[in-house]
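Just so it is clear, the model here is predicted, and its values are computed rather than measured. Each residue takes its place number in the sequence, starting with 1.
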Amino acid sequence: MACRVAARCASRILSEFTSTAKAAGGRGRSRNYRTYLRTSSTLTGGRAACLLGLPVISYLGYTVYCRVQSSAVVCALDKDAVVEQADYLYSCAEIEKLYQLLLQYKESDDAEFLWRLARASRNMALLPDMDGSQKKQLIFDAFEYATKALEKDDRCFAAHKWYAVCLGDVGDYQGTKSKLASSVVIRRHLEEAVKLNPKDATSLHILGYWCFAFAELPWYQRKLAAVIFSKPPESTYEEALDFFLKAEEVDPEFYSKNMLMLGKTYMALKDKEKALLWLTKAKGYPARTWEDKEVNQEAVELLKKLG
């Protein structure tokens with residue numbers, strides 16, 4: 001995938017170079033060279049150049065290298081290229097580069113751009129060095145993008161999924177009553193996401209998390225839920241377990257948090273042997289992101305409790 005993106009980028013640069021060279025009549029090379037190196041300080045250090053496979057020998061080769069190296073945004077040629085590049089950056093956990101790439105499309109009417117921007121904004125908000133005010137702004141921005149994505153295409157499973165996730169995040173700033181009130185809406189959108197794409201492991205995981213949260217809801221929150229709803233939402237650890245296991249079936253070991261939640265659910269169900277199995281897997285999961293590191297640490301602490 002990265003090679004195709006790099007190839008598109010190289011093709012564009014070659015085309016631009018050709019037209020520029022013709023216009024300049026072969027003169028002013030050094031000025032054109034500097035123009036081609038329009039870099040962004042926040043996006044340096046990209047990996048795409050390593051995948052390009054072009055020898056850095058001639059001026060043109062070096063120009064291509066630097067243009068690809070300098071910015072994740074440069075290769076954004078069309079919708080397919082942007083989506084391809086965004087998904088590559090997401091797979092590499094390049095959160096800030098991904099956010100900067102997609103932020104260019106915040107006014108877009110395309111749900112494929114908007115739900116990805118919602119996800120990227122949320123991931124930015126969850127970075128450990130993000131201060132409180134920035135985090136809140138990013139959370140509310142993410143909800144705005146997810147809402148717009150859903151308005152533009154209500155048949156897009158990812159729009160339903162990230163609307164549900166972002167609605168839950170916004171609820172953290174609006175108090176327990178508001179969060180409980182939105183919980184039914186959250187589940188409805190998650191179920192719609194699964195209906196539209198039964199093979200999306202993340203939607204299944206989040207549904208499991210929803211069930212787990214309501215299974216362990218404190219008594220005072222249950223009492224509040226009874227005030228808000230004629231029939232309060234409820235769930236069980238067994239239902240949560242079913243969703244977590246389905247997520248693993250769809251995409252084995254896709255997410256460290258799913259393994260952790262399987263371990264915690266089995267703990268709640270008093271199945272020590274299976275709890276140990278999944279918590280050990282969560283502890284040993286390769287820590288590519290800060291969340292993975294947190295999962296590793298929590299799994300270690302839970303394993304200590306299990307003895």
Side-chain angles (χ1 to χ4, degrees), residues 1 83-84 86-93 95 98 111-112 114-116 118-120 122-123 126 142 146 149-150 153-169 183 185-216 233 235-269 271 273-289 291-292 294-296 298-299 302:
M1 177 172 65
V83 168
E84 200 169 2
D87 290 346
Y88 173 71
L89 290 171
Y90 181 72
S91 72
C92 295
I95 296 172
L98 174 63
E112 294 298 320
L114 292 166
W115 74 254
R116 285 177 170 83
R119 180 181 65 182
R122 181 178 188 271
N123 287 343
L126 297 178
L150 195 57
D153 186 0
D154 66 358
R155 301 299 297 166
C156 174
F157 85 92
H160 283 279
K161 173 172 68 176
W162 291 104
Y163 178 85
V165 172
C166 294
L167 178 58
D169 291 338
S183 61
V185 178
I186 291 171
R187 174 150 191 170
R188 185 169 70 244
H189 283 283
L190 290 172
E191 288 175 338
E192 185 64 20
V194 171
K195 179 181 176 182
L196 290 168
N197 184 3
K199 296 299 183 181
D200 182 57
T202 311
S203 297
L204 291 164
H205 165 80
I206 301 169
L207 258 174
Y209 199 92
W210 188 99
C211 294
F212 186 93
F214 273 90
E216 66 169 9
S235 189
T236 63
Y237 291 118
E238 287 82 3
E239 188 179 17
L241 180 65
D242 186 50
F243 283 120
F244 292 139
L245 289 173
K246 281 180 181 176
E248 286 295 323
E249 183 182 340
V250 166
D251 192 358
E253 300 186 4
F254 74 105
Y255 185 30
S256 61
K257 192 71 173 280
N258 199 64
M259 297 179 187
L260 178 70
M261 293 308 299
L262 274 163
K264 292 174 75 170
T265 306
Y266 278 119
M267 282 181 69
L269 293 170
D271 190 332
E273 183 179 349
K274 290 181 179 177
L276 284 169
L277 170 66
W278 287 103
L279 291 174
T280 301
K281 286 186 177 185
K283 182 187 76 169
Y285 193 89
R288 293 194 311 113
T289 68
E291 185 182 37
D292 292 333
E294 288 188 342
V295 165
N296 294 160
E298 187 174 353
L302 290 172

Q: In Å, rounded to the nearest 0.5 Å, how long is the span from CG of L241 to CE of M261?
A: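 Between atom CG of L241 and atom CE of M261 there are 10.5 Å.
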
Q: Please report the C-alpha distance between E192 and R155 in whole Å, then the side-chain angles of each, then the deciding distance to 0.1 Å, and finally whether the side-chain contact (heavy atoms from CB on, under 4.5 Å) criterion is met.
A: CA-CA 9 Å; E192 185 64 20; R155 301 299 297 166; 3.7 Å; yes

Q: Mark yes or no for whether H160, through its side chain, and D154, through its backbone, hold a donor-acceptor pair below 3.5 Å.
A: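 Side chain of H160 to backbone of D154: a pair is present.
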
Q: If we ignore hydrogens and angles and just use 3.5 Å, is the side chain of N296 paired with the main-chain N or O of A282 as donor and acceptor?
A: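 The answer is yes, because a donor-acceptor pair under 3.5 Å joins these two groups.
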
Q: Parallel, tilted or perpendicular: which describes the rings of F212 and F244, with under 30° parallel and over 60° perpendicular?
A: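 Tilted, since the angle between the ring planes falls between 30° and 60°.
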
Q: Is the NZ or CZ atom of R116 both under 6.0 Å from the centre of the six-membered ring of Y90 and within 45° of that ring's axis?
A: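 Ring-cation test returns no.
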
Q: So, taking the atom named NZ in K161 and the one named CG in L150, what distance separates them when rounded to the nearest 0.5 Å?
A: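 That separation rounds to 13.5 Å.
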
Q: Which residues pass the ring-ring contact (aromatic ring centres under 6.0 Å, His included) test with Y163, sequence neighbours left out?
A: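 Residues passing ring-ring contact (aromatic ring centres under 6.0 Å, His included) with Y163: F143, H189.
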
Q: If you apply the rule side-chain contact (heavy atoms from CB on, under 4.5 Å), what do you find for E298 with K264, and how did you get there?
A: CA-CA 10 Å; E298 187 174 353; K264 292 174 75 170; 3.0 Å; yes

Q: Count the heavy atoms of every other residue, nucleotide or ligand shown that sit under 6.0 Å from CD of E249, and state whether that count exceeds 12.
A: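 Incorrect, the count does not exceed 12.
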
Q: I need the L269 CG to Y237 OH distance, nearest 0.5 Å.
A: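 It comes to 8.0 Å.
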
Q: Just jot down the ring-ring contact (aromatic ring centres under 6.0 Å, His included) partners of F157, sequence neighbours excluded, or say none.
A: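 With neighbours one apart ignored, the set is empty.
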
Q: Could you tell me which residues satisfy salt bridge (Lys or Arg N to Asp or Glu O under 4.0 Å) with D242, sequence neighbours excluded, listed by chain and number?
A: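 Residues passing salt bridge (Lys or Arg N to Asp or Glu O under 4.0 Å) with D242: K246.
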
Q: Would you call E191 and R187 a salt bridge, using N to O less than 4.0 angstrom?
A: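 Judged by the 4.0 Å cut-off on N to carboxylate O distance, E191 and R187 do form a salt bridge.
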
Q: Which atom pair, heavy atoms only, marks the closest approach of A159 to D153?
A: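 Shortest heavy-atom separation between A159 and D153 comes out as CB-O, 4.1 Å.
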
